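This structure is a prediction, so every number in the text was calculated from the model and none was measured.
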Amino acid sequence: MHRILPSAVLLFCIAPLLFPIAPLPVLAQEVGMHFTVARTNLSESDDETDPAIRIGGGVSFDFPFTDNAGFRTGIFYARKGMLLGDELPVSGGTYFDYIEVPALLRIGIPVEGGARPYFLLGPAIAINVGCSIEVGTGGTSISRSCDDIDVPTRRLDLGLMGGAGIALTSQGGVSLKLDALYNPGLRAVADDGGEKHRVITGQVGIAFPIG
């Protein structure tokens with residue numbers, strides 16, 4: 001994580017120099033492709049657990065209402081979970097894979113030029129398509145699916161996603177988008193209640209006008 005953050009800051013600083021920007025046509029709809037890096041843990045984590053860094057991605061669709069407001073949705077492969085802490089005699093963790101659909105209100109900050117900052121806020125619904133528990137010790141690792149060992153995980157997850165981003169638009173209307181999002185789970189991971197997901201996600205995407 002300490003290596004990822006400096007790289008993200010550097011990219012944010014030099015992107016305007018590497019990616020010539022120009023004003024985006026008003027009310028242009030967009031489709032985007034995104035690469036995501038998530039720092040993910042569970043709500044009741046303690047010294048026995050550590051955050052996991054997981055890679056994902058997806059496709060977004062932006063629909064403007066006005067010059068500075070719109071709606072963003074999409075389909076993302078969102079990977080969540082946590083690691084066992086270093087204090088434990090074994091390594092491993094619990095890993096969840098979801099197909100996630102956000103429904104986000106986008107509020108732009110009026111500025112001149114093609115660099116457009118904005119805020120995002122809204123619910124995110126996710127369907128669990130995979131869950132596994134991994135435990136390793138002495139160079140040996142064992143991984144089992146949650147279904148195989150009867151861990152009562154829920155198939156549907158619900159979160160409240162919020163954050164900020166910036167779009168840098170080229171002369172042809174193609175945009176480079178950098179987003180930082182926080183998604184606290186609103187629904188317990190297991191059927192019997194308890195822990196919820198806590199996810200901080202950085203996104204880098206390229207969006208193309210479609211209307």
Side-chain angles (χ1 to χ4, degrees), residues 1 4 29-46 48-65 69-84 92-108 118-134 144-165 177-205 207:
M1 185 63 183
I4 293 173
Q29 299 176 8
E30 293 179 315
V31 57
M33 297 179 293
H34 300 265
F35 170 78
T36 65
V37 178
R39 183 181 188 273
T40 172
N41 208 334
L42 297 175
S43 60
E44 298 180 11
S45 59
D46 51 29
E48 295 184 352
T49 67
D50 289 327
I53 303 299
R54 308 209 70 197
I55 306 300
V59 178
S60 69
F61 302 93
D62 276 89
F63 303 94
F65 302 145
F71 173 74
R72 179 186 290 185
T73 186
I75 301 175
F76 288 81
Y77 182 45
R79 307 178 73 200
K80 307 177 184 182
M82 62 85 180
L83 300 177
L84 297 179
T94 304
Y95 306 101
F96 301 86
D97 294 340
Y98 291 92
I99 300 299
E100 189 166 64
V101 179
L104 308 177
L105 179 65
R106 176 179 53 79
I107 301 297
Y118 50 82
F119 296 103
L120 297 166
L121 179 64
I125 298 175
I127 299 173
N128 189 340
V129 295
C131 173
S132 63
I133 295 176
E134 181 178 306
R144 297 289 178 84
S145 73
C146 296
D147 289 338
D148 289 344
I149 55 178
D150 295 326
V151 175
T153 55
R154 287 177 166 169
R155 295 298 181 188
L156 187 66
D157 188 48
L158 177 64
L160 180 62
M161 188 177 289
K177 295 193 174 183
L178 307 173
D179 300 324
L181 299 166
Y182 177 53
N183 183 4
L186 302 178
R187 198 164 189 256
V189 174
D191 291 333
D192 55 359
E195 299 177 326
K196 303 172 184 177
H197 289 296
R198 295 289 185 265
V199 184
I200 299 174
T201 302
Q203 293 186 168
V204 178

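Formation of a donor-acceptor pair under 3.5 Å by the Thr40 side chain with backbone atoms of Gly81 is found in this model. No side-chain donor-acceptor contact under 3.5 Å links Ser132 to the backbone of Arg144. The main-chain N or O of Ser60 is never found under 3.5 Å from a side-chain atom of Arg72 such that the two would form a donor-acceptor pair.
Closest heavy-atom contact between Pro123 and Leu160: N-CD1, 4.3 Å. Nearest heavy-atom pair across Ile107 and Ala69 is CD1-CB, 4.2 Å. Across all non-hydrogen atoms, the minimal contact from Gly165 to Asp179 is CA-OD1, 3.4 Å. Closest non-hydrogen pair, Ala164 versus Phe119, comes out as CB-CD2, 3.9 Å. Between Thr153 and Cys131 the shortest heavy-atom distance is CG2-SG, 3.8 Å. The two residues Pro51 and Asn41 have their closest heavy-atom pair at N-ND2, 3.4 Å.
Atom NZ of Lys196 and atom CG of Leu186 lie 7.0 Å apart (nearest 0.5 Å). If you take CG on Leu121 and CG on Leu104, they are separated by 7.5 Å, rounding to the nearest 0.5 Å. Residue Leu42 holds its CG atom at 5.5 Å from CE of Met82, rounded to the nearest 0.5 Å. In this structure, the separation between CG on Leu156 and OH on Tyr98 is 9.0 Å, given to the nearest 0.5 Å. With rounding to the nearest 0.5 Å, the separation of OG1 in Thr36 from CD1 in Ile55 is 7.0 Å. Taking CD1 of Ile75 as the reference point, atom CZ of Phe61 lies at 6.5 Å (rounded to 0.5 Å).
Residues Thr94 and Glu195 are not in side-chain contact: their nearest non-hydrogen atoms beyond the backbone lie 4.5 Å or more apart. No side-chain heavy atom of Val189 sits less than 4.5 Å from a side-chain heavy atom of Arg154. The shortest side-chain heavy-atom distance between Pro64 and Arg106 falls under the 4.5 Å cut-off. Counting heavy atoms from C-beta on, the side chains of Tyr95 and Leu83 come closer than 4.5 Å. Under the 4.5 Å side-chain criterion, counting only non-hydrogen atoms from C-beta, Gln203 is in contact with Leu181.
With Val199 as the partner, the side chain to side chain contact (heavy atoms under 4.5 Å, CB included) test is satisfied by one option alone out of Met161, Arg54, Glu100, Lys80: Lys80.
Using a 30° and 60° split on the angle between ring planes, Phe96 and His197 fall in the perpendicular class, above 60°.
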- Task: Please step through side-chain contact (heavy atoms from CB on, under 4.5 Å) for the pair Asn128 and Asp157, ending with a clear verdict.
- Result: CA-CA 7 Å; Asn128 189 340; Asp157 188 48; over 6 Å; no
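Residues Asp97 and Arg79 are paired through a salt bridge, judged by an N-O separation under 4.0 Å between the basic side chain and the carboxylate.
Counted within 6.0 Å of CG on Leu120, heavy atoms from surrounding residues, nucleotides or ligands total more than 12; the atom is thus considered enclosed.
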